[in-house]
Structures are given as C-alpha cells and as structure tokens.
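I have placed the structure first, in the form of structure tokens, so that the comments after it can refer back to it.
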Amino acid sequence: MAIQDNGAREKNPNLIENLMGYIDTRIDIIRLEIQEKLKSSFVTLLHVVLLGFTALMFFIFFNIFLGLLLNDLLDSYFWGFGIIALIYVILLVVLIVGVDKKIFQGVADKAFDNTIYKADKREPNV
C-alpha cells in the first residue's frame with residue numbers, strides 16, 4: 001500500500017514558520033504597547049508633578065499673602081499668621097474627627113473606576 005502524501009509534508013514547515021512568525025509579531029505588538037503605555041505614563045507623571053509643584057507654590061505664597069494682609073489690617077506683626085494657622089488647625093481637627101472615610105472612598109472609586117482594565121475594553125470580545 002502506498003501512502004499518498006499530497007504535499008502534506010511540504011506544508012508543515014510552512015505552517016510552523018507561519019505560526020512562529022505570528023507569535024513573533026504578537027510579541028512585538030505587546031512590546032510596543034507596553035512601551036507606549038510607559039511613555040504615556042511618564043508624560044502624565046511629569047505633567048502631574050509640574051502641576052502639583054505649581055499648585056503648591058501658589059498655595060504657599062497665597063497663604064503668606066493672606067497672613068501679611070491680615071497683619072496689615074490688624075496692625076500686628078504676627079496675628080495674621082496666627083489666624084491662618086488657626087484656620088488650618090480647625091481644618092485638621094475637622095478632617096481627623098468629623099469627616100467619614102466613606103466620602104473619600106467614594107471619590108477614589110469614581111477616580112479609579114476601571115483604570116486597570118481600560119485597555120481590555122478597546123479590544124473586541126472574542
């Protein structure tokens with residue numbers, strides 16, 4: 001009995017080569033996606049750090065301005081800064097004692113909702 005080949009042995013190396021090419025391509029795509037996400041994350045981090053630094057500097061100088069303004073209005077050297085410090089102490093006590101952590105949990109839930117699996121949503125379901 002003769003076994004008919006019909007070119008099946010010639011197709012197997014091509015099939016394996018195609019499969020290896022497909023796997024290499026998928027690995028390259030995943031590497032590019034990771035590189036793109038890292039670059040995007042770096043740019044976002046840099047932007048947030050610069051915005052945070054600018055906001056912090058504004059906050060500090062605005063508080064100094066308010067303290068000096070109150071000093072001038074009260075005709076004192078220190079009462080303006082004391083009033084500003086008292087406002088922050090009251091705010092600290094309210095945050096420690098009076099505010100429920102569930103409020104912050106709700107804000108965090110809204111801010112970070114589905115951020116981890118956002119990339120999965122853009123790919124169609126199989």
Side-chain angles (χ1 to χ4, degrees):
M1 259 195 179
I3 299 175
Q4 292 184 353
D5 190 18
N6 292 337
R9 290 185 185 180
E10 293 176 7
K11 290 183 181 179
N12 284 338
N14 290 336
L15 182 65
I16 292 173
E17 288 176 12
N18 288 341
L19 182 62
M20 293 302 290
Y22 175 75
I23 292 172
D24 289 340
T25 304
R26 289 296 294 168
I27 290 172
D28 289 341
I29 289 172
I30 291 171
R31 285 181 184 165
L32 287 174
E33 286 178 355
I34 290 171
Q35 182 180 1
E36 182 179 324
K37 287 179 184 180
L38 284 174
K39 185 171 34 171
S40 174
S41 298
F42 177 74
V43 169
T44 303
L45 178 69
L46 185 63
H47 189 245
V48 167
V49 166
L50 288 175
L51 283 175
F53 177 74
T54 305
L56 178 67
M57 295 306 291
F58 170 78
F59 182 74
I60 289 171
F61 283 111
F62 184 72
N63 283 308
I64 291 172
F65 168 75
L66 284 179
L68 290 172
L69 180 68
L70 288 173
N71 281 342
D72 189 45
L73 292 175
L74 297 172
D75 198 28
S76 170
Y77 290 114
F78 58 88
W79 280 112
F81 292 107
I83 291 170
I84 298 295
L86 181 65
I87 290 171
Y88 286 117
V89 167
I90 291 170
L91 181 66
L92 179 66
V93 169
V94 167
L95 286 175
I96 290 174
V97 175
V99 177
D100 192 13
K101 291 182 181 178
K102 291 181 182 178
I103 295 171
F104 296 113
Q105 185 65 38
V107 171
D109 288 342
K110 288 180 184 177
F112 296 111
D113 187 31
N114 294 326
T115 55
I116 294 174
Y117 298 108
K118 192 179 283 186
D120 292 344
K121 288 185 177 181
R122 66 185 165 135
E123 295 178 5
N125 292 336
V126 178

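The side-chain heavy atoms of Trp79 and Leu70, taken from C-beta on, include no pair separated by under 4.5 Å. Counting heavy atoms from C-beta on, the side chains of Asp72 and Leu68 never come closer than 4.5 Å. In this structure, Leu92 and Tyr88 have side chains that are not in contact, with every pair of non-hydrogen atoms separated by 4.5 Å or more.
In this structure, the separation between CD1 on Ile27 and CG on Leu32 is 12.0 Å, given to the nearest 0.5 Å. Residue Leu56 holds its CG atom at 10.0 Å from CZ of Phe61, rounded to the nearest 0.5 Å. The CD1 atom of Ile23 lies 4.0 Å from the CG atom of Leu19; values are rounded to the nearest 0.5 Å. Atom CG of Leu95 sits about 12.0 Å away from atom CD1 of Ile90, to the nearest 0.5 Å. Taken from CD in Glu36 to CD1 in Ile29, the straight-line distance is 12.0 Å, to the nearest 0.5 Å. The distance from the CG atom of Leu66 to the CD1 atom of Ile84 is 4.5 Å, given to the nearest 0.5 Å.
Residue Ile60 is not grouped with residue Leu69 when hydrophobic side chains (ILVMFWY) are merged at heavy-atom distances under 4.5 angstrom, including chains of intermediate members. Hydrophobic clustering (side-chain heavy atoms under 4.5 Å, transitive across Ile, Leu, Val, Met, Phe, Trp, Tyr) groups Ile87 together with Phe78. Both Phe59 and Leu91 belong to a common hydrophobic cluster when Ile, Leu, Val, Met, Phe, Trp and Tyr are linked at side-chain heavy-atom distances under 4.5 angstrom.
Within 6.0 Å of CG on Asp28 lie more than 12 heavy atoms contributed by other residues, nucleotides or ligands.
In terms of modelled atom types and a separation under 3.5 Å, the side chain of Asn18 and the main chain of Asn14 share a donor-acceptor contact.
The shortest non-hydrogen separation linking Asn71 to Phe81 is ND2-CE1, 3.0 Å.
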